[in-house]
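Not measured: the values here are computed from a predicted model.
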Amino acid sequence: MLTVEHASRRFPNGTQALADVSLRIAAGDFVALLGPSGCGKSTLLRLIAGLDQPDAGTVRWDASEPGSVGFVFQDATLLPWASAADNVRLPLRLRGERAADSAPRVAVALARVGLAGFERARPRELS
């Protein structure tokens, strides 16, 4: 389902977040990333989710799985000035999807968490 091969990521400030990481995850696998703060867990998750790219190596999803990643940030990262729908749409927009094309997926995601009807609400208006 997912293959990470020799992935490395160095940030512009020189911090080496990942070095030569490889893993394979099959459908149905349950995986936990454990390690001390700063060891690269969040960086690896960002690469897997497509929110960042490795400097070296590859992150590859099987053809049957594109776009099926969910991602929860460690800290609250909602855009306070954006609607609930725009916050949900953000990763899709960063991948280059047009708003009209992603609208059905955004609606489904909001409905799944009980926010159907609150698409235009700002984060401060939601509990």
Side-chain angles (χ1 to χ4, degrees):
M1 182 173 92
L2 169 69
T3 302
V4 177
E5 291 180 328
H6 306 289
S8 295
R9 180 69 172 104
R10 181 183 300 273
F11 292 111
N13 68 2
T15 299
Q16 182 76 42
L18 294 174
D20 197 32
V21 173
S22 294
L23 64 93
R24 286 198 171 97
I25 301 173
D29 283 356
F30 183 88
V31 178
L33 296 176
L34 302 173
S37 180
C39 74
K41 300 178 302 288
S42 293
T43 300
L44 179 59
L45 289 173
R46 291 180 61 79
L47 296 179
I48 289 169
L51 299 175
D52 197 3
Q53 298 297 315
D55 298 315
T58 60
V59 176
R60 187 175 60 250
W61 286 91
D62 289 350
S64 62
E65 299 300 326
S68 63
V69 170
F71 190 90
V72 177
F73 292 94
Q74 286 176 232
D75 299 312
T77 57
L78 295 174
L79 305 174
W81 59 87
S83 68
D86 287 338
N87 272 286
V88 170
R89 184 178 296 110
L90 179 61
L92 303 173
R93 191 181 89 198
L94 293 174
R95 279 201 330 221
E97 284 191 38
R98 295 176 342 142
D101 295 337
S102 63
R105 292 176 58 198
V106 169
V108 167
L110 288 169
R112 263 190 209 147
V113 296
L115 291 176
F118 292 92
E119 295 83 356
R120 293 184 178 169
R122 301 290 186 257
R124 70 181 176 279
E125 299 171 311
L126 304 169
S127 63

*Thr43 and its side chain to side chain contact (heavy atoms under 4.5 Å, CB included) partner, picked from Thr15, Leu18, Val21*: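 Between Thr43 and the candidates, side chain to side chain contact (heavy atoms under 4.5 Å, CB included) is satisfied uniquely by Leu18.
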
*Carefully, step by step, assess Leu47 and Val4 under the rule side-chain contact (heavy atoms from CB on, under 4.5 Å).*
CA-CA 9 Å; Leu47 296 179; Val4 177; over 6 Å; no

Find the distance between [atom1] ([X]) and [atom2] ([Y]) and round it off to the nearest 0.5 Å.
{"X": "Asn87", "Y": "Leu126", "atom1": "CG", "atom2": "CG", "result": "9.5 Å"}
{"X": "Ser83", "Y": "Leu110", "atom1": "OG", "atom2": "CG", "result": "8.5 Å"}
{"X": "Asp52", "Y": "Leu94", "atom1": "CG", "atom2": "CG", "result": "11.0 Å"}
{"X": "Arg46", "Y": "Lys41", "atom1": "CZ", "atom2": "NZ", "result": "14.5 Å"}
{"X": "Ile25", "Y": "Met1", "atom1": "CD1", "atom2": "CE", "result": "6.5 Å"}

I'd like to know if the side chain of [X] and the backbone of [Y] have a donor-acceptor N/O pair within less than 3.5 Å.
{"X": "Glu125", "Y": "Pro123", "answer": "no"}
{"X": "Trp81", "Y": "Arg122", "answer": "no"}
{"X": "Thr3", "Y": "Arg24", "answer": "no"}

*asked:* For Ile48 versus Trp61, what's the shortest heavy-atom pair and its separation?
replied: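 Nearest heavy atoms, Ile48 then Trp61: O-NE1, 3.2 Å.
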
*Give the minimum heavy-atom separation between Phe118 and Ala84, together with the two atoms involved.*
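Nearest pair, atom of Phe118 first, then Ala84: O-CB, 3.6 Å.
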
*Restricting to pairs with a member in residues 80-93, which pass salt bridge (Lys or Arg N to Asp or Glu O under 4.0 Å), not counting sequence neighbours?*
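Residue pairs with at least one partner in residues 80-93: Asp86-Arg89.
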
*How far apart are the C-alpha atoms of Leu44 and Leu23, what are their side-chain angles, what is the distance that settles it, and do they pass the side-chain contact (heavy atoms from CB on, under 4.5 Å) test?*
CA-CA 11 Å; Leu44 179 59; Leu23 64 93; 3.9 Å; yes

*Determine, step by step, whether Glu97 and Arg105 satisfy the side-chain contact (heavy atoms from CB on, under 4.5 Å) criterion, reporting the C-alpha distance in whole Å, the side-chain angles of both residues, the deciding distance to 0.1 Å, and the verdict.*
CA-CA 11 Å; Glu97 284 191 38; Arg105 292 176 58 198; 3.0 Å; yes

_Using side-chain heavy atoms (C-beta onward) and a distance below 4.5 Å, is Pro54 in contact with His6?_
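No, their side chains stay 4.5 Å or more apart.
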
_Same cluster or not: Leu45 versus Leu90, using hydrophobic residues (I, L, V, M, F, W, Y) connected whenever any side-chain heavy atoms lie under 4.5 Å apart?_
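No, no single cluster joins them.
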
*Under a 4.5 Å side-chain heavy-atom rule over Ile, Leu, Val, Met, Phe, Trp and Tyr, are Val108 and Leu92 clustered together?*
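In one cluster: no.
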
